[in-house]
There are 2 protein chains.
Amino acid sequence: MSGNRPATSMDVARAAGVSQATVSYVLNDRPGSRISEETRSRVRDAAERLGYVPHAGARTLRTGSSGVVLVAVPDIPQGPLATGLLEELDKELGGRGYTVVQYGARRTKGVAAAKAWAELRPTAVVADASRLTRAGIEVLRAAGVKAIIGMGHAPMDDVPSLLTDHEGVGALAVRHLVERGRDPVVAVVPREEGLREMGLARLRGARSAGVPVTAVDLAFDEAEAAAFVAGLKGGEGVFAYNDEYAMLLLAALHDAGLRVPGDVAVIGCDDLPLARLTRPRLSTVRPDLSAAPARMATLIDRLVRGTACGDVDVWTLQLIERDST
Amino acid sequence: MSGNRPATSMDVARAAGVSQATVSYVLNDRPGSRISEETRSRVRDAAERLGYVPHAGARTLRTGSSGVVLVAVPDIPQGPLATGLLEELDKELGGRGYTVVQYGARRTKGVAAAKAWAELRPTAVVADASRLTRAGIEVLRAAGVKAIIGMGHAPMDDVPSLLTDHEGVGALAVRHLVERGRDPVVAVVPREEGLREMGLARLRGARSAGVPVTAVDLAFDEAEAAAFVAGLKGGEGVFAYNDEYAMLLLAALHDAGLRVPGDVAVIGCDDLPLARLTRPRLSTVRPDLSAAPARMATLIDRLVRGTACGDVDVWTLQLIERDST
DNA sequence: TTGTATGCGTTATCAC
DNA sequence: GTGATAACGCATACAA
């Protein structure tokens, strides 16, 4: 049973006593062609009996389009936010006949990455902007990719993008702290590769709020956090980059015997489910992803069908502030 | 530039002034065929200049093998554990020439899922055991999938599997609590679909440890956790199913004014990075995934090349206990 | 209403 | 050493 080669539409045709073309007509429900109901069921029965599954590669070759939406997963660890976005996007696109595929935990970018993706001849590519370069985009375009969507920080010419306003995150967080009377404001910039860039953008935003902001380089490490906390004098407001760093700082503050928010206030970003469990509760800023999957799916569909409006779609996520109370 | 159709090996051949077969030989470094170094570089130059990228579908069609390892991502939210496993697996398999692709946040299983996967004619499939059924496996085998690996709880006949010993987790956790003199032992069983089954397995293991264990159904919800905690009398040891539930309970215990570990002891599972930040620190049980990626990659490679040893490989992850101290 | 024939891009066999 | 040529599985224009 398992030594046999996979059944082809030709096998189905033979089993049903029809031509291979008829099989294709029936299985694809080709509109316009009238095939007797009796033939149809004979074909369907045969296909079912033989366990026939169409060969995506062959279909792609013939039709010139794979229907694959390749999502290049970002290097940075996937939180529940990204996971949820992907799940919704998958649902939306699946409903429209696309096949969503996640590609590559491997850390490649630019042309090398684009070539690897292009081999699959995806119809669309959704990629973290950090993995896209101009040359890479050319490779994708040349390979027939109809829609390229960037996700991340900076917009790229010609590439519709879903952006997180990291400056806005920083600004909003600092405003939150200032409004509550915190005076020396400190912003954490993570030292990890991949996070650092976003940390600097958030820092820029933090500094745009009109109060002096001290930057602090920090690795995700308890010892480093302890050292940082030891230098605090009390009264500070700390923007911790995100909820994970905020939790790291809360632990260090606890160990140092500092009260939160009495001695030090902390605000994070992302509104992680686990971060809601800290005591005291954490304030946080969250990019609102609720409308993103539907919008992305619609955009992709439009670009693929060539019905997109002329200008490049750049969409910045709304930011939502969540107070600890 | 972008209106053109993707370059084919034929285009490269014309540009280089050679036959199309020569292009294939050069680009695939076919051993045995001697082609002049000058021709080779002419071909490579032309390919580079045209931005030629081979068409995976066409190659699959011709060679009968895609080299794709399809990983069907599980429904349950991906933690850092699973993410890390995947990243390593990707590295291992990428080095051996495979293309790792994650498929489907969509919640399908059994034959429906298998048919969707089979369309891509993957060379191997790695899937959460909960999404595999006997019939689904037949579909995959019939589609020419050479290696099928299950991940999860129960082993399946004929399917090599990477198993987590959930009974073992429960037993180890309860032993930890008992050794520290906790008398009434309580085990949390999560109410969420997809987690519940594993929770029950861990409960079985907890009960095998020789002491009475009370089961508690719990949704991941602060109000429910508060209600549960309100019923505790003090002295209990709680196995919280995993670190996330453990953190939920720690928050509820804090709110109720109960001391940990003074009044109640809590142990989780997974050794999440964020769970290391709780105060007091959490004890936890962690399945050791360090050797899993390399082993899985080797197994897949063997199965694909037909050099696997006769019997089905079932591998249960080691469990590691981490004390709060 | 159904069957025949063609080509999509590759690899691989065989003459040259 | 290199170049025609066939075949992989499918969709579709066209003939019957």
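In the text below, chain A, chain B and the rest are named by the order of the sequence lines, each starting its count at 1. Note: hydrogens, waters and symmetry copies are ignored here, and every other heavy atom, side chains too, is used.
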Considering every strand and a 4.0 Å limit on heavy-atom distances, what is the contact class for A/V18: base, sugar-phosphate, or nothing? sugar-phosphate

Need one value for A/T39: base, sugar-phosphate or nothing, where a base atom within 4.0 Å counts as base even if backbone is also close, heavy atoms only. sugar-phosphate

Under 4.0 Å, counting only non-hydrogen atoms across every strand here, what does B/P54 touch: a base, just sugar-phosphate, or nothing? sugar-phosphate

Keeping the roles fixed (side chain from A/S161, backbone from A/L163), state whether a donor-acceptor pair exists under 3.5 Å. no

Phosphate-side-chain proximity, A/T63 and C/dG7, N/O vs OP1/OP2 below 4.0 Å: no

Have a look at A/S24 and say if it touches a base, only the backbone sugar-phosphate, or nothing, with a 4.0 Å heavy-atom cut-off. base

What's the closest nucleotide to the A/T8 side chain, out of C/dC8, D/dC10, C/dT1? D/dC10

For D/dC10, does either OP1 or OP2 sit under 4.0 Å from a side-chain N or O belonging to A/S9? yes

Side-chain donor/acceptor of A/Y25 to base of C/dT4, under 3.5 Å: no

Select one nucleotide: of C/dT10, D/dT2, C/dC8, the one nearest the side-chain heavy atoms of B/Y52. C/dT10

Closest approach to the side chain of A/N28, judged atom by atom: which nucleotide of D/dA11, C/dT11, C/dT2 is it? D/dA11

Could a donor-acceptor pair under 3.5 angstrom be found where the side chain of B/R62 meets the base of D/dA7? yes

So that I can tick it off, tell me whether B/E38 and B/R42 are bridged by a salt bridge, with the cut-off set at under 4.0 angstrom between side-chain N and carboxylate O. yes

Between A/D301 and A/R305, is there a side-chain N and carboxylate O pair less than 4.0 Å apart? yes

Side chain of A/A21 - closest among D/dG3, C/dT4, D/dA11: C/dT4

Which is true for B/V43 with a 4.0 Å heavy-atom rule: it touches a base, it touches only sugar-phosphate, or it touches nothing? nothing

Do B/E88 and B/R295 sit within salt-bridge range, that is, some charged N less than 4.0 Å from a carboxylate O? no

From D/dT2, C/dG3, D/dG9, nucleotide with atom closest to A/T22 side chain: C/dG3

Taking only Lys NZ, Arg NE, NH1 and NH2, and the carboxylate oxygens of Asp or Glu, determine whether A/R40 and A/D29 approach each other closer than 4.0 Å. yes

Could you work out which one of C/dG9, C/dA5, C/dT10 sits closest to the side chain of B/Q20? C/dT10

Which nucleotide in D/dC10, C/dG3, C/dA12 has an atom nearest any side-chain atom of A/A58: D/dC10

